[in-house]
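Presented below is the structure to which this report refers.
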Amino acid sequence: HLGEKIDTTDIDENTFPSDPDIKANFYRLYGLFLEDSGDHIKADIFIEKAIHLNPNRFSNYVAKLTLIEKRLFSYPDNSQRLQLSQELLGEIEKVESKFLEYGDIGVRNRAFLNSKKLNAFLVQENIPEFEKVSKDTFELLMMCFFDRQIEQIIVQVLQFVLLPNTDSTRLLEYLKITDKGISDDL
């Protein structure tokens with residue numbers, strides 16, 4: 001059932017499929033469940049195993065970034081948060097470098113990675129970088145197929161940045177042509 005906690009106390013890795021790509025999916029998903037249960041160490045281990053088994057799967061790296069980002073907002077200590085924001089930016093840079101080796105990582109993936117950068121810059125209170133990345137992200141978003149993920153990133157950008165009139169008009173035109181419903185947040 002949705003929202004139901006997954007029991008992570010007795011994960012048996014021996015029951016995971018032997019195919020490395022599928023096994024990596026199990027490690028990635030269980031890594032996220034372990035993070036939600038508070039077992040950060042085992043979550044990190046599982047995500048690293050997923051990356052090791054399938055180093056070319058972008059979603060394995062997304063999971064790693066998600067773990068860091070969740071921790072970024074869960075720690076009350078500002079020095080820990082600043083350290084995690086630097087770690088997040090460093091990991092994003094590694095992901096960008098890795099996947100740019102194969103060519104362009106795509107507009108959607110760049111917008112997604114930028115959304116993670118925005119959270120790091122927000123914690124660092126680095127307003128110039130936040131504004132620069134927000135503008136870049138908005139341009140990327142206008143090239144993406146509109147769905148829930150893109151809508152969430154648009155909302156994230158609009159929470160902190162006032163769009164110029166021309167961009168506001170572009171956004172409204174973009175939203176008019178979508179066949180998806182728009183949430184109350186937007």
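If you read the sequence from its start, that first residue is 1, and numbering goes on from there.
We find the CG-OG1 distance between D10 and T15 to be 9.5 Å, quoted to the nearest 0.5 Å. In this structure, CZ on R108 lies 5.0 Å from CD on Q149, to the nearest 0.5 angstrom. Note: Q86 CD to I68 CD1 = 12.0 Å, rounded to the nearest 0.5 Å. For the atom pair CD of E125 and CG of N78, the computed distance is 7.0 Å after rounding to the nearest 0.5 Å. We find the CG-CD distance between L88 and E93 to be 12.0 Å, quoted to the nearest 0.5 Å. One finds the CG atom of N126 at 9.5 Å from the OG atom of S85 (value rounded to the nearest 0.5 Å).
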Does the pair D136 and K117 meet the rule for a salt bridge (charged side-chain N to carboxylate O under 4.0 Å, His left out), with working shown?
CA-CA 11 Å; D136 293 345; K117 289 179 188 178; over 6 Å; no
Check against side-chain contact (heavy atoms from CB on, under 4.5 Å), F99 and N109:
CA-CA 10 Å; F99 286 94; N109 289 338; over 6 Å; no
Where do V95 and F58 land on the side-chain contact (heavy atoms from CB on, under 4.5 Å) test, with the steps shown first?
CA-CA 8 Å; V95 171; F58 186 74; 3.7 Å; yes
Intermediate values then yes/no, side-chain contact (heavy atoms from CB on, under 4.5 Å), N119 and Q156
CA-CA 9 Å; N119 286 326; Q156 179 185 15; 3.1 Å; yes
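Across all non-hydrogen atoms, the minimal contact from F145 to I150 is O-CG1, 3.4 Å. Annotation for A111 and T137: closest pair O-CG2, 4.1 Å, computed over non-hydrogen atoms. S79 and D77 make their closest contact through OG-OD2, 2.7 Å (heavy atoms, listed as atom of the first residue, atom of the second, distance). The two residues K23 and P17 make their nearest non-hydrogen contact at CB-O, 3.4 Å. Taking each heavy atom of D39 and K42 in turn, the nearest pair found is OD1-N, 3.1 Å.
No continuous path of hydrophobic side-chain contacts links F112 to M143 [ILVMFWY only; heavy atoms under 4.5 Å]. I51 and I92 fall within the same hydrophobic cluster, where Ile, Leu, Val, Met, Phe, Trp and Tyr residues are linked whenever their side-chain heavy atoms come under 4.5 Å apart, directly or through other members. When the side chains of ILVMFWY residues are joined at heavy-atom separations under 4.5 Å, either directly or via intervening members, L140 and F146 end up in two distinct hydrophobic clusters. Cluster membership for F121 and I127, using ILVMFWY side-chain heavy atoms within less than 4.5 angstrom, is not shared. Both L67 and Y75 are members of a single hydrophobic cluster when ILVMFWY side chains are connected at heavy-atom separations under 4.5 Å.
N60 places none of its side-chain heavy atoms less than 4.5 Å from the side chain of I47. Side-chain contact between I11 and F46 is present, with at least one heavy-atom pair separated by less than 4.5 Å. Considering only heavy atoms from C-beta on, E13 comes within 4.5 Å of Y27 through its side chain. L171 has its side chain within reach of M142: a pair of non-hydrogen atoms, C-beta onward, lies under 4.5 Å apart. Within the 4.5 Å cutoff, no side-chain heavy atoms of K116 are placed close to those of E91. Here the side chains of Q124 and E129 are not in contact, with every heavy-atom distance at 4.5 Å or above. Using a 4.5 Å heavy-atom cutoff, the side chains of L118 and S134 are in contact. Here the side chains of S115 and L113 are not in contact, with every heavy-atom distance at 4.5 Å or above.
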Distance-only donor-acceptor hits, side chain of residues 159-169, under 3.5 Å, sequence neighbours excluded:
from	atom 1	to	atom 2	distance (Å)
D167	OD1	R170	NH1	3.1
S168	OG	P164	O	3.3
T169	OG1	N165	O	2.9

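The 12-atom threshold is exceeded at NE2 of H40, counting heavy atoms of other residues, nucleotides or ligands nearer than 6.0 Å.
Using cut-offs of 30° and 60° on the angle between ring planes, the pair F16 and F26 is tilted.
Partners of K70 by side chain to side chain contact (heavy atoms under 4.5 Å, CB included), not counting sequence neighbours, listed by chain and number: E35, D36, T66. Annotation: side chain to side chain donor-acceptor pair (under 3.5 Å) contacts of E151 (sequence neighbours excluded): S183.
Checked by atom type and distance alone, the side chain of R81 pairs as donor or acceptor with a backbone atom of L72 at under 3.5 Å.
Here E48 pairs with K64 in a salt bridge; the nearest charged N to carboxylate O distance falls below 4.0 Å. Salt-bridge check for R71 with D44: passed, with a basic side-chain N closer than 4.0 Å to an acidic carboxylate O.
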